[in-house]
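Below is one structure; the comments refer to it alone.
Note that the structure is a prediction, hence the values are computed from the model and not measured. A note on names: the letters A, B, ... follow the listed sequences, proteins ahead of strands, and every chain is numbered from 1.
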There are 2 protein chains.
Amino acid sequence: MARVREFDPEQAIEGATQVFWRNGFADTSLEDIVSETGVSRYGLYGTFGNKKELLVAALRHYEQSMSDMLWGDLRKPDAGKQEILEFWHSIRRHAEDEGFCNGCLIVNVAAEVAPHEPEIAAEVQRIDDDHAAVFAAAIRNGQKSGEISLKIDADGAGRMLVALSHGLALMVRAGVKPTELGGAIEAGLSILGSPDSSG
Amino acid sequence: MARVREFDPEQAIEGATQVFWRNGFADTSLEDIVSETGVSRYGLYGTFGNKKELLVAALRHYEQSMSDMLWGDLRKPDAGKQEILEFWHSIRRHAEDEGFCNGCLIVNVAAEVAPHEPEIAAEVQRIDDDHAAVFAAAIRNGQKSGEISLKIDADGAGRMLVALSHGLALMVRAGVKPTELGGAIEAGLSILGSPDSSG
DNA sequence: CCAAAAACAGAATGATAATTCTGTTATAAC
DNA sequence: GTTATAACAGAATTATCATTCTGTTTTTGG
């Protein structure tokens with residue numbers, strides 16, 4: 001027996017995600033989100049609580065959409081070296097497109113907000129741990145099947161790949177052309193064994 | 001025929017550097033810097049211009065002091081694999097100390113400020129390019145002397161090490177314990193050849 | 001000592017922005 | 001249709017902060 005909500009919360013989160021990704025947290029005002037989404041302050045506060053909680057929602061939304069777009073094959077239980085290489089090819093393709101010039105929202109938030117907000121730090125660490133574990137599992141599969149050297153430590157290498165992706169994302173956000181970073185990716189992947197030099 | 005300045009600009013920059021490192025740019029008010037340094041607003045504006053220029057000064061000061069502390073041996077013209085490994089040992093030692101829980105000022109600034117400020121972005125890129133070149137030169141030396149495989153691309157690997165350091169610094173700032181990152185460093189260094197497993 | 005120059009301390013300004021409040025409007029149960 | 005409910009639009013509130021301004025003090029050359 002009351003008025004009905006005029007906006008779709010999912011679309012609002014999507015809009016907020018774009019603004020946070022583009023501008024960062026501190027440089028995004030709620031007014032910016034109102035403009036982007038068309039949702040009123042009232043609607044945003046009523047539905048999401050406050051700016052920080054909206055960021056958490058955006059972070060989760062971003063993770064989900066990236067998971068669908070980039071991490072799907074790598075999460076399969078039998079993913080191995082091939083899937084790791086394909087993941088990075090995919091990253092390179094996307095980075096050379098528009099849209100990824102803002103780097104990675106998770107990385108941006110880790111740098112800007114996590115140090116002051118334990119809740120956000122926990123969220124970021126959860127995501128990173130998950131990604132490192134996904135890489136590590138694929139590396140172990142590759143080691144079982146003989147594609148990847150048994151000499152490397154799967155957990156260490158998994159974390160290394162996550163850290164490398166963060167560093168590269170940061171460089172892109174800070175203005176480095178993604179095309180200049182191909183060599184760094186090749187170098188990082190070379191720990192898996194003889195490099196795939198096709199692209 | 002005028003009053004003399006009561007503060008030492010170098011000390012003021014050192015103080016500002018500490019505050020920017022600890023709190024980031026947006027979350028540092030000029031009042032914070034006044035408190036930290038004891039220098040008045042007037043002195044800061046008169047000597048450094050404004051907050052952004054003060055950040056540039058802090059960044060240069062930080063780079064200089066880190067260069068002295070960490071990069072000295074690696075910059076020697078004949079530095080090779082040994083110096084690269086020692087650099088990373090040194091990083092690990094420092095990271096496990098207090099004081100480096102704030103990550104790396106250059107990385108923090110790259111993430112928070114560079115995207116909005118071309119002048120800062122240029123500064124950050126200059127530093128990164130320099131560091132990548134230092135690594136690359138040492139890798140080339142190692143390749144000449146046979147310590148490092150000729151199969152790796154020195155420039156790509158140099159950039160990779162810089163990106164990795166950025167990613168790791170970010171994780172530390174976001175709250176990850178430095179001791180958890182040793183495996184990632186080992187993995188990254190394994191591209192140079194058979195790993196130094198001593199520590 | 002006197003006066004000009006430049007540093008000092010801290011108040012004033014102006015802008016931005018997170019959050020709350022107020023009055024208005026649409027909805028649905030009765 | 002009436003009415004309670006909850007959403008809406010946007011004004012009001014409160015706070016923070018970068019920067020500038022004002023009046024004061026110190027220094028040094030005459």
Side-chain angles (χ1 to χ4, degrees), chain A residues 1-59 108-109 112-120, chain B residues 1-59 108-109 112-120:
Chain A
M1 42 173 151
R3 192 168 168 175
V4 77
R5 186 163 52 195
E6 289 174 3
F7 68 94
D8 173 15
E10 274 305 305
Q11 279 184 8
I13 291 176
E14 165 64 21
T17 302
Q18 295 301 322
V19 186
F20 282 136
W21 194 5
R22 196 186 320 129
N23 298 345
F25 184 68
D27 281 1
T28 295
S29 70
L30 238 77
E31 195 50 41
D32 293 333
I33 299 174
V34 169
S35 302
E36 176 88 14
T37 62
V39 176
S40 70
R41 255 179 293 273
Y42 177 93
L44 294 173
Y45 278 97
T47 306
F48 301 108
N50 58 29
K51 195 182 168 189
K52 196 170 89 184
E53 291 179 72
L54 191 51
L55 179 68
V56 173
L59 209 51
N108 301 348
V109 165
E112 185 191 356
V113 189
H116 312 296
E117 305 282 354
E119 188 187 349
I120 304 277
Chain B
M1 43 172 147
R3 191 169 169 175
V4 77
R5 187 163 50 195
E6 290 174 1
F7 67 95
D8 172 14
E10 274 305 305
Q11 278 184 7
I13 291 176
E14 166 62 22
T17 302
Q18 294 301 324
V19 185
F20 282 137
W21 194 5
R22 196 184 322 129
N23 298 345
F25 184 68
D27 282 1
T28 294
S29 70
L30 239 77
E31 193 52 41
D32 294 332
I33 299 173
V34 169
S35 303
E36 177 87 15
T37 61
V39 176
S40 70
R41 256 178 294 272
Y42 177 93
L44 295 171
Y45 277 97
T47 305
F48 301 108
N50 59 28
K51 194 180 167 189
K52 196 169 91 184
E53 290 178 74
L54 191 50
L55 179 68
V56 173
L59 210 51
N108 301 347
V109 165
E112 185 191 353
V113 189
H116 314 296
E117 305 282 354
E119 188 187 347
I120 303 279

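- D/dA6 atom C1' lies 12 Å from atom CZ of A/F7, rounded to whole Å.
- Using a 4.0 Å heavy-atom criterion, one finds that B/G46 contacts no nucleic acid atom at all.
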Counting primed atoms, P, OP1 and OP2 as sugar-phosphate and everything else as base, the B/S/- map of nucleotides 23-30 of chain C against protein heavy atoms under 4.0 Å is --BBBSS-
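- Residues satisfying the side-chain contact (heavy atoms from CB on, under 4.5 Å) test with B/A2, not counting sequence neighbours, are none.
- The distance from the OG atom of A/S40 to the CD1 atom of A/I33 is 12.5 Å, given to the nearest 0.5 Å.
- Within the 4.0 angstrom heavy-atom criterion, no nucleotide atom of any strand lies near A/T47.
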Protein-nucleotides 21-23 of chain D N/O pairs under 3.5 Å:
none

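- Taking OG1 of B/T28 as the start and CG of B/L55 as the end, the distance is 9.0 Å to the nearest 0.5 Å.
- For A/N50, there are no side chain to side chain donor-acceptor pair (under 3.5 Å) partners at least two apart in sequence or on another chain.
- Atom CG of B/N23 and atom P of D/dC17 are 11 Å apart (whole Å).
- For the pair A/R41 CZ and C/dA17 C1', the interatomic distance rounds to 10 Å; values are reported in whole Å.
- Under the rule for a side-chain contact (heavy atoms from CB on, under 4.5 Å), the partners of A/T17 that lie at least two apart in sequence or sit in another chain are A/I13, A/A58, A/H61, A/Y62, A/L105.
- When the P atom of D/dC17 is taken as reference, atom CZ of B/F25 falls 13 Å away, rounded to whole Å.
- Residues satisfying the salt bridge (charged side-chain N to carboxylate O under 4.0 Å, His left out) test with A/E31, not counting sequence neighbours, are A/R41.
- The CG atom of A/L54 sits 11 Å away from the P atom of C/dA18 (whole-angstrom rounding).
- Here B/N23 contributes atom CG and A/H116 contributes atom NE2; the two are 6.5 Å apart, rounded to the nearest 0.5 Å.
- Interatomic distance, CG of B/L44 versus OG1 of B/T37, reported as 5.0 Å (0.5 Å rounding).
- Every side chain to side chain donor-acceptor pair (under 3.5 Å) that B/S29 has, sequence neighbours left out, goes to B/D32.
- The stretch residues 29-40 of chain A comes close to DNA chain C through A/S29, A/L30, each having a heavy atom under 4.0 Å from the strand.
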Acceptor/donor pairs from residues 3-10 of chain B side chains to any protein atom, 3.5 angstrom cut, sequence neighbours excluded:
{"from": "B/R3", "atom 1": "NH2", "to": "B/E6", "atom 2": "OE2", "distance (Å)": "3.1"}
{"from": "B/D8", "atom 1": "OD1", "to": "B/E10", "atom 2": "N", "distance (Å)": "3.1"}

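- For B/Y45 and C/dG10, the OH to C1' distance is 14 Å, given to the nearest whole Å.
- Each ring pair (Phe, Tyr, Trp, His ring centres under 6.0 Å) pair with one or both residues in residues 25-46 of chain A, not counting sequence neighbours, appears once here: A/F20-A/F25.
- Residues meeting the salt bridge (charged side-chain N to carboxylate O under 4.0 Å, His left out) test with A/E119, sequence neighbours left out: A/K52.
- For DNA chain C, no neighbouring residue in residues 8-16 of chain B is found when judged by any heavy atom under 4.0 Å.
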